[in-house]
2 protein chains.
Amino acid sequence: MNTGAGSSAQEPHRDIPEATVARLPVYLRALTSLADRNIASCSSEELAAAAGVNSAKLRKDLSYLGSYGTRGVGYDVDYLSYQIAREIGVTHDWPVIIVGIGNLGQALANFSGFSSRGFRTVALLDAAPQMQGRSVAGLEVRPFADLAEIVAAEQVSIGVISVPAPAAQDVADAMVEAGISSILNFAPAVLNVPAGVDVRKVDLSIELQILAYHESRKAAEAEETVDNDSEEGITA
Amino acid sequence: MNTGAGSSAQEPHRDIPEATVARLPVYLRALTSLADRNIASCSSEELAAAAGVNSAKLRKDLSYLGSYGTRGVGYDVDYLSYQIAREIGVTHDWPVIIVGIGNLGQALANFSGFSSRGFRTVALLDAAPQMQGRSVAGLEVRPFADLAEIVAAEQVSIGVISVPAPAAQDVADAMVEAGISSILNFAPAVLNVPAGVDVRKVDLSIELQILAYHESRKAAEAEETVDNDSEEGITA
DNA sequence: CCGAGTTTGTTCTCGCAGTCACAAAGTCCG
DNA sequence: CGGACTTTGTGACTGCGAGAACAAACTCGG
Ligand SMILES: NC(=O)c1ccc[n+]([C@@H]2O[C@H](COP(=O)([O-])OP(=O)(O)OC[C@H]3O[C@@H](n4cnc5c(N)ncnc54)[C@H](O)[C@@H]3O)[C@@H](O)[C@H]2O)c1
Ligand SMILES: NC(=O)c1ccc[n+]([C@@H]2O[C@H](COP(=O)([O-])OP(=O)(O)OC[C@H]3O[C@@H](n4cnc5c(N)ncnc54)[C@H](O)[C@@H]3O)[C@@H](O)[C@H]2O)c1
């Protein structure tokens, strides 16, 4: 490793598993919460509880970043926060654009949680003429045609899609064309993008349907238990 | 199997893997889209493409529900749609309540996609006095104190939390107390709930941070390639 | 009725992820 | 200074999920 490039600072361990990457932001938030309560250090057990995960899993996850804890003591909250933030890449702010300023887009634009977590909304775009020039969350809504110009000017690499499903693919294509390489998609549509572009999907209906599945199973089980409450003895 | 209970109709194969459950709604949506285009039947290959998954994975997923396809032909769109909907439990509508009618809560209340996918918003609740009595999406905002009453009256088992993070645990506790057993949580907080209660989390900041991680890795890789574009030859 | 063609359902293999358990490494007190 | 205690970091094990490949089953044309 480190075969001579040495371009950036302390090269961290590469190849962090996806499952771990998905949890690092959770740890970061838990650490921030601890720091807000003036807690300077914590054990893996405490942090795991705050993040809602198994402590062994947490330690293993952190070990992918390096050895930032002290045996017998635990982790320094500020130090570990910084290391995770650095690994994720949120030590500096990422510019983000939102396309589709309807119900959801406006809620997202008004959401303060983005800016506090390493992201800065730099532009809101919408295709509808009646949206043009309106001010949402202190930003002027701009025409969708300005996409490429804005992306180039602000060095945007992350785009949020909150347009109706039929328009999502077109918007995604335009984003990719403009140079965006990470997309957060709220539209219930499957997006086709070239390799090298990451898409993450947030789909409320799917989440609710998953809950509904478990809910029906619970209901079915309860009914069964009423029918004959000794079944587990038979099948086992 | 089928050790004598046989309470409900054709008992399907039990123990559907979580990963499959999470994809069934995607298949259902793809099927609905096909039906809208008057397509009566489709092969696993076509459906897989529409859902954005591998066809072998799709067939395996569907096989957990039973054998609803015809070899040499494919799947009947309507029939398969119904079978998946039945398995998920969205053949009838589920009543849902939303707690926290701020930016996000209002967007959710106004979202028509819920009702069309097996869910019906029956009540909007908020603790703030100035929200009381306001009408959002045709529903009157009701006081948070009415939670238990509403849940009992409407047989609600699914609740949506869109309050600020510090209030989320309190709301969740009240929901569980009122009899809700499935929660969709938008607040960036870890919820502690008793066993038997399902919680699913939707966290935008986390999604963006995951994108940011891959984005920084892309950036680092590009830089490295510029530094010395024959590195793969050295390390390999 | 039969054979060619098509597509499902399933088996097998491999890799990733979660959990346990423990040695290594540090702290702290006597 | 040394030993008891605490907590990390990691190796081993297990189970789930993804994907390839193939046999079984069905259709359709002749
Ligand atoms: N509202 C919610 O709570 C919610 C929840 C989950 C998912 N969604 C999804 O998010 C998306 C947006 O939902 P919404 O409720 O905000 O819808 P909306 O109709 O209120 O807003 C959509 C906006 O996108 C704009 N738009 C349409 N086509 C466009 C294009 N080609 N380019 C640029 N802008 C375009 C429209 O002008 C409109 O302002 C939908 O796909 C919806 O399914 C919404
Ligand atoms: N707005 C977004 O796009 C967005 C995105 C992601 C996550 N979130 C999260 O969703 C939650 C809501 O966001 P928002 O932007 O709608 O906030 P908001 O402040 O606009 O709305 C919160 C609402 O909850 C109500 N509330 C507060 N405490 C309550 C309680 N104990 N019981 C009942 N109601 C209560 C408030 O009166 C207010 O109406 C936050 O946790 C936020 O982090 C929002």
Side-chain angles (χ1 to χ4, degrees), chain A residues 10 12-27 30-31 34 39-77 79-81 83-84 87 190 210 213-214, chain B residues 1 10 12-27 30-31 34 39-77 79-81 83-84 87 190 206 210 213-214:
Chain A
Q10 330 117 273
H13 306 208
R14 286 293 167 81
D15 278 353
I16 298 183
E18 262 313 297
T20 296
V21 171
R23 282 187 295 266
L24 289 179
V26 181
Y27 303 153
L31 284 166
L34 291 177
I39 298 172
S41 96
C42 65
S43 69
S44 65
E45 207 70 51
E46 293 166 318
L47 184 53
V53 300
N54 183 299
S55 70
K57 183 153 58 176
L58 176 122
R59 287 199 299 276
K60 196 179 235 183
D61 284 342
L62 295 183
S63 77
Y64 289 114
L65 314 188
S67 282
Y68 295 132
T70 309
R71 299 182 188 212
V73 178
Y75 300 92
D76 181 88
V77 171
Y79 183 54
L80 185 58
S81 291
Q83 294 300 340
I84 293 179
E87 190 65 42
V190 177
I210 294 172
Y213 169 80
H214 291 297
Chain B
M1 214 163 285
Q10 332 118 274
H13 304 208
R14 286 292 167 83
D15 278 353
I16 298 184
E18 260 315 295
T20 296
V21 171
R23 282 188 295 266
L24 289 179
V26 180
Y27 303 153
L31 284 167
L34 290 177
I39 298 173
S41 94
C42 66
S43 69
S44 65
E45 207 71 54
E46 292 166 318
L47 184 53
V53 301
N54 184 298
S55 71
K57 184 153 57 177
L58 175 119
R59 287 198 299 276
K60 198 188 236 181
D61 285 341
L62 294 184
S63 76
Y64 289 114
L65 315 190
S67 283
Y68 296 132
T70 309
R71 300 181 188 211
V73 177
Y75 301 92
D76 181 88
V77 171
Y79 183 54
L80 185 58
S81 290
Q83 294 300 339
I84 293 179
E87 189 66 41
V190 176
I206 288 182
I210 294 172
Y213 169 80
H214 292 297

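In the text below, chain A, chain B and the rest are named by the order of the sequence lines, each starting its count at 1. Owing to the predicted nature of the structure, the values given are computational and were not obtained by experimental measurement. Because only heavy atoms are used, hydrogens play no part in the values below, and waters and symmetry mates are left out as well, while side chains stay in.
- Regarding B/Asp76, its CG atom lies at a distance of 13 Å from the P atom of C/dT8, rounded to whole Å.
- Distances shorter than 4.0 Å separate some side-chain N or O of B/Ser67 from OP1 or OP2 on C/dG9.
- Using a 4.0 Å cut-off, no side-chain N or O of A/Ser43 falls inside it from OP1 or OP2 of D/dT7.
- Taking only side-chain nitrogens and oxygens, B/Tyr75 comes nearer than 4.0 Å to OP1 or OP2 of C/dG9.
- Across the interface with DNA chain C, nearest-nucleotide mapping of A/Thr20 and A/Thr70 shows A/Thr20 to be the residue nearer the 5′ end.
- In this structure, B/Leu58 places its CG atom 16 Å from P of D/dG17, rounding to the nearest Å.
- What separates NZ of A/Lys57 from P of C/dG18 is a distance of 5 Å, to the nearest Å.
- In this structure, A/Pro25 and B/Ile206 approach most closely via the heavy-atom pair CB-CG1, 3.8 Å.
- Close to C/dC20, at under 4.0 Å from its OP1 or OP2, lies a side-chain N or O of A/Asn54.
- Judged by atom type and distance alone, A/Arg71 reaches the base of D/dT8 through a side-chain donor-acceptor pair under 3.5 Å.
- We find that CG of B/Asp15 is positioned 11 Å from P of D/dG17, with the value rounded to whole Å.
- Comparing A/Gly72 and A/Ala56 by the nucleotide of DNA chain C that holds the closest heavy atom to each, the one mapping nearer the 5' end is A/Ala56.
- C/dA17 atom P lies 8 Å from atom CZ of A/Arg23, rounded to whole Å.
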What verdict does the side chain to side chain contact (heavy atoms under 4.5 Å, CB included) test give for A/Glu46 and A/Tyr75, after you've listed the backbone C-alpha separation in whole Å, the side-chain angles of each residue and the deciding distance to 0.1 Å?
CA-CA 10 Å; A/Glu46 293 166 318; A/Tyr75 300 92; over 6 Å; no

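- Below the 3.5 angstrom threshold, one finds no donor paired with an acceptor across the side chain of B/Lys60 and the base of C/dG9.
- Looking at heavy atoms from C-beta onward, B/Val53 lies in side-chain contact with B/Tyr27 at the 4.5 angstrom threshold.
- Residue contacts shown for B/Glu45 are absent, as no nucleic acid heavy atom lies under 4.0 Å away.
- Taking the side chain as every heavy atom from C-beta outward, B/Leu80 and B/Asp76 never approach each other to under 4.5 Å.
- Spacing between atom CD of B/Glu46 and atom P of C/dT8 amounts to 9 Å, rounded to whole angstrom units.
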What verdict does the side chain to side chain contact (heavy atoms under 4.5 Å, CB included) test give for A/Leu47 and A/Leu34, after you've listed the backbone C-alpha separation in whole Å, the side-chain angles of each residue and the deciding distance to 0.1 Å?
CA-CA 9 Å; A/Leu47 184 53; A/Leu34 291 177; 4.2 Å; yes

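- One can place CZ of B/Arg59 at 16 Å from P of D/dA25, the figure rounded to the nearest angstrom.
- In this entry the distance linking CG of B/Leu80 with C1' of C/dT7 reads 14 Å, nearest Å.
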